[in-house]
Peer 1: 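Could you have a look at this structure, given as structure tokens, before my questions?
For clarity, every value in this text was computed on a predicted model and none was experimentally measured.
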Amino acid sequence: LEQLGDKQGKAASLSNMAQVYLTRGDLTRALGLYEESLALLEQLGDKQGKAASLHAMAQVYLTRGDLTRALGLYEESLALLEQLGDKQGKAASLGNRANIFMSQGNLEAAEKDLQEAFSLVSQIGEPPAFELVKLGQIAQARGERETALARYREGLAIFEKLGMPRESEQVRGLIAGLENPSPPAPLPEGEGNALEQAIRQARAAAAQGNLQQAIEYQTKAAGLARAAGQERDNLVTLSVLLYNLAGYYSQADRHEEAIQALEEVVALDQQTGHPDLESDRQALEAARRMASLSPEERAQAQRPADNPQSPISNHQSQISNPQSPDFEAQLAAALAEVPPEQRAAAEAELRKALAAFERMSPAQQAALLESAQSGQYEQAAVQARDAALAYVRRQAPKKDVLAFLDNAARQAAEGEAPGSPWLDVAGLCRSLAGLLRAESLPPVPTRYAAHFSAVQSEFKPE
């Protein structure tokens with residue numbers, strides 16, 4: 001295309017390449033390609049293409065948490081779409097700009113954009129389901145319960161008619177959060193309010209392997225948090241709940257929904273100035289990379305740890321890189337932990353995974369390994385948090401929990417070089433152990449501040 005002087009074709013190719021990098025989580029490369037495409041479109045005077053590029057670039061900045069820059073780009077895009085009379089494109093940009101206003105607590109501006117988007121979508125004959133639900137969220141944030149419920153129900157009816165189960169489920173969660181019915185599996189009296197019950201029920205369902213039920217309970221918990229208002233503490237709670245909901249979605253192979261939840265987490269972190277902003281951005285990028293993989297590649301990235309009862313303790317011995325020169329030794333060590341009657345089948349599965357890995361491109365291999373390692377860190381941190389919560393909630397003896405945390409900290413840090421993410425896991429374990437012992441606390445790693453806060457908020461010194 002460069003040799004042919006086809007600027008239009010080159011701009012389109014650059015935009016497509018940018019989308020690939022965006023899907024993989026490489027925001028810097030995606031942004032650079034969008035900017036190169038935009039420059040060509042400006043030379044050509046292609047207002048429609050320029051508006052689309054500006055819209056896409058705004059999405060990149062939104063993912064980065066740079067709301068100011070994203071707003072500016074949406075406004076540029078809207079001005080061009082207005083000139084072109086593109087009602088559909090304008091409605092989409094208005095809806096995205098409204099999302100930013102909502103995350104900033106600017107409900108008046110968000111409502112104005114959504115009402116205009118609603119009108120535009122209706123004019124072109126499309127069902128305004130998304131606009132209705134977002135208007136319901138604004139009503140809910142204002143405490144207008146009946147208005148919110150009416151808008152949610154109208155939006156839900158449209159989603160169900162269109163056969164959109166994911167969106168329907170999300171709206172049902174919002175409705176459940178407002179209606180606040182008795183939980184299907186009631187807990188004993190005195191065990192906390194509806195939000196705490198929903199969180200516990202989600203964790204219990206996940207522990208039993210019932211991810212669908214875990215997602216339902218966690219969605220309900222997020223709906224309750226939304227209904228609590230726009231105060232900073234409520235928004236931080238919502239961010240944590242959405243982060244955990246993304247984890248359930250990911251485990252259920254619902255990766256696009258995990259990405260949506262994490263995008264909102266990043267926006268909330270930006271709004272509240274939360275210290276987990278950077279680590280949550282990294283989690284979002286990892287989710288995008290995971291979504292770009294094939295089912296076979298995901299299975300390789302998500303394989304369980306060698307010792308499911310102590311994934312922290314065995315992180316060094318996992319077969320984390322099939323290209324390693326000591327792969328056969330790692331494989332033998334892993335198989336030694338498997339009952340003899342299961343070893344043949346286990347070895348066949350591992351070698352099948354290795355063959356799949358070897359068929360990947362170098363870029364796919366790198367993305368797979370990075371995603372797998374990132375998942376191991378987070379799994380270890382979640383286990384440390386949940387172990388501490390088990391003591392705080394009187395579900396496990398203190399001595400057992402402290403022994404677990406001490407052992408996990410030691411093994412996570414063993415042999416790690418400065419800057420290793422495993423040192424952050426070890427730091428979280430030490431901080432949690434210090435909290436439970438009522439000792440002076442070591443620094444809490446920034447990326448796991450939310451995990452520590454979750455325990456600290458429930459901890460009552462003896």
Peer 1: Give the intermediate values and the outcome of side-chain contact (heavy atoms from CB on, under 4.5 Å) for residues Asp424 and Leu428.
Peer 2: CA-CA 6 Å; Asp424 284 341; Leu428 172 65; over 6 Å; no
Peer 1: Let me confirm one number: the NZ-CD distance from Lys220 to Gln201, rounded to the nearest 0.5 Å.
Peer 2: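 One finds 6.5 Å between NZ of Lys220 and CD of Gln201.
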Peer 1: If we only count heavy atoms from C-beta on, is the Lys90 to Glu116 side-chain gap below 4.5 Å?
Peer 2: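 A side-chain contact under 4.5 Å exists here.
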Peer 1: Please answer whether the main-chain N or O of Leu73 pairs with a side-chain N or O of Ser77 as donor and acceptor at a distance below 3.5 Å.
Peer 2: no
Peer 1: So Val133 and Phe159, side-chain contact (heavy atoms from CB on, under 4.5 Å) or not? Walk me through it.
Peer 2: CA-CA 10 Å; Val133 172; Phe159 284 136; 3.8 Å; yes
Peer 1: How many angstroms lie between atom NZ of Lys112 and atom CG of Leu114, to the nearest 0.5 angstrom?
Peer 2: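 Nearest 0.5 Å value for the NZ-CG distance: 12.5 Å.
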Peer 1: When you check the side-chain N and O atoms of Gln88 and Glu126, is any donor under 3.5 Å from an acceptor?
Peer 2: yes
Peer 1: Is Gln115 close to Glu111 at the side-chain level, that is, under 4.5 Å between some pair of heavy atoms?
Peer 2: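 They are in side-chain contact.
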Peer 1: Check whether any side-chain N or O of Thr219 sits under 3.5 Å from a backbone N or O of Ile215 as a donor-acceptor pair, and report yes or no.
Peer 2: yes
Peer 1: Would you check, one step at a time, whether the test side-chain contact (heavy atoms from CB on, under 4.5 Å) holds for Gln83 with Lys47?
Peer 2: CA-CA 9 Å; Gln83 294 174 25; Lys47 291 183 179 181; 2.8 Å; yes
Peer 1: Say whether, by atom type as modelled, one donor and one acceptor occur between the side chain of Asp86 and the main chain of Glu82 under 3.5 angstrom.
Peer 2: no
Peer 1: Which heavy atom of Leu262 sits nearest a heavy atom of Ala246, and at what distance?
Peer 2: CG-CB, 3.6 Å
Peer 1: Might you work through the salt bridge (charged side-chain N to carboxylate O under 4.0 Å, His left out) test for Glu256 and Arg288, ending with a clear yes or no?
Peer 2: CA-CA 8 Å; Glu256 293 303 324; Arg288 289 185 182 279; over 6 Å; no
Peer 1: Is it true that the side chains of Gln260 and Arg254 contain a donor and an acceptor less than 3.5 Å apart?
Peer 2: no
Peer 1: When you check the side-chain N and O atoms of Glu231 and Asn234, is any donor under 3.5 Å from an acceptor?
Peer 2: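 The answer is yes; a qualifying pair exists.
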Peer 1: Measuring only between side-chain heavy atoms, which start at C-beta, is Phe101 closer than 4.5 Å to Leu107?
Peer 2: no
Peer 1: Which heavy-atom pair separates Leu41 from Ser53 by the least distance, and what is that distance?
Peer 2: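 Here Leu41 and Ser53 meet closest at CD1-OG, 3.3 Å.
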Peer 1: So, for Trp422 and Ala412, which heavy atoms are closest and what is the spacing to 0.1 Å?
Peer 2: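 Heavy-atom minimum between the residues: CB-O, 3.3 Å.
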Peer 1: How far apart are the C-alpha atoms of Leu94 and Leu120, what are their side-chain angles, what is the distance that settles it, and do they pass the side-chain contact (heavy atoms from CB on, under 4.5 Å) test?
Peer 2: CA-CA 10 Å; Leu94 285 167; Leu120 290 168; 3.8 Å; yes
Peer 1: Glu216 and Gln212: side-chain hydrogen bond (donor to acceptor under 3.5 Å, both in side chains), yes or no, with the steps?
Peer 2: CA-CA 6 Å; Glu216 291 174 2; Gln212 178 58 36; 3.1 Å; yes
Peer 1: If I take atom CD1 from residue Ile199 and atom OH from residue Tyr217, how far apart are they, to the nearest 0.5 angstrom?
Peer 2: 14.0 Å
Peer 1: Between the side chains of Ser93 and His55, is a donor N or O closer than 3.5 angstrom to an acceptor N or O?
Peer 2: yes
Peer 1: Does any non-hydrogen side-chain atom of Val392 lie less than 4.5 Å from one of Val455?
Peer 2: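 They are in side-chain contact.
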Peer 1: Provide the closest heavy-atom pair for Ala221 versus Leu195 in the form atom of the first, atom of the second, distance.
Peer 2: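 Smallest interatomic distance, heavy atoms only, reads O-CD1, 3.4 Å.
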Peer 1: Please tell me if the side chains of Tyr152 and Leu132 come closer than 4.5 Å, counting only heavy atoms from C-beta onward.
Peer 2: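 Counting from C-beta outward, Tyr152 and Leu132 never come under 4.5 Å.
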Peer 1: Can you find a heavy atom in the side chain of Arg385 that is under 4.5 Å from one in the side chain of Val382?
Peer 2: yes
Peer 1: Which atom pair, heavy atoms only, marks the closest approach of Ala384 to Leu432?
Peer 2: O-CD1, 3.6 Å
Peer 1: Does Glu108 reach the side chain of Asn106, with side-chain heavy atoms less than 4.5 Å apart?
Peer 2: yes
Peer 1: Between CZ of Arg226 and CD of Gln137, what distance do you get to the nearest 0.5 Å?
Peer 2: 5.0 Å
Peer 1: Any ion pair linking Arg153 and Glu160 (charged N to carboxylate O, less than 4.0 Å)?
Peer 2: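 Between Arg153 and Glu160 there is no salt bridge, as every charged N stays at least 4.0 Å from the carboxylate O atoms.
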Peer 1: Quick check: closest heavy atoms across Ala222 and Leu242, and the distance to 0.1 Å?
Peer 2: CB-CD2, 4.3 Å
Peer 1: Please check this pair: side chain of Arg151 against backbone of Leu135, looking for a donor-acceptor N/O pair closer than 3.5 Å.
Peer 2: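 Looks like yes, one N/O pair under 3.5 Å.
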Peer 1: Checking Gln218 side chain against Leu241 main chain: does a donor-acceptor pair fall under 3.5 Å?
Peer 2: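 Looks like yes, one N/O pair under 3.5 Å.
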Peer 1: Could you grab the distance from atom CD1 of Ile259 to atom CD of Glu263, nearest 0.5 Å is fine?
Peer 2: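 Interatomic distance, Ile259 CD1 to Glu263 CD, rounded to 0.5 Å: 7.0 Å.
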Peer 1: Nearest 0.5 Å, please: how far is OH in Tyr243 from CG in Leu268?
Peer 2: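 Result: 14.5 Å between the selected atoms.
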Peer 1: Does any part of the side chain of Leu238, heavy atoms only, come nearer than 4.5 Å to the side chain of Glu264, both counted from C-beta?
Peer 2: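 Result yes, sub-4.5 Å side-chain heavy-atom pair found.
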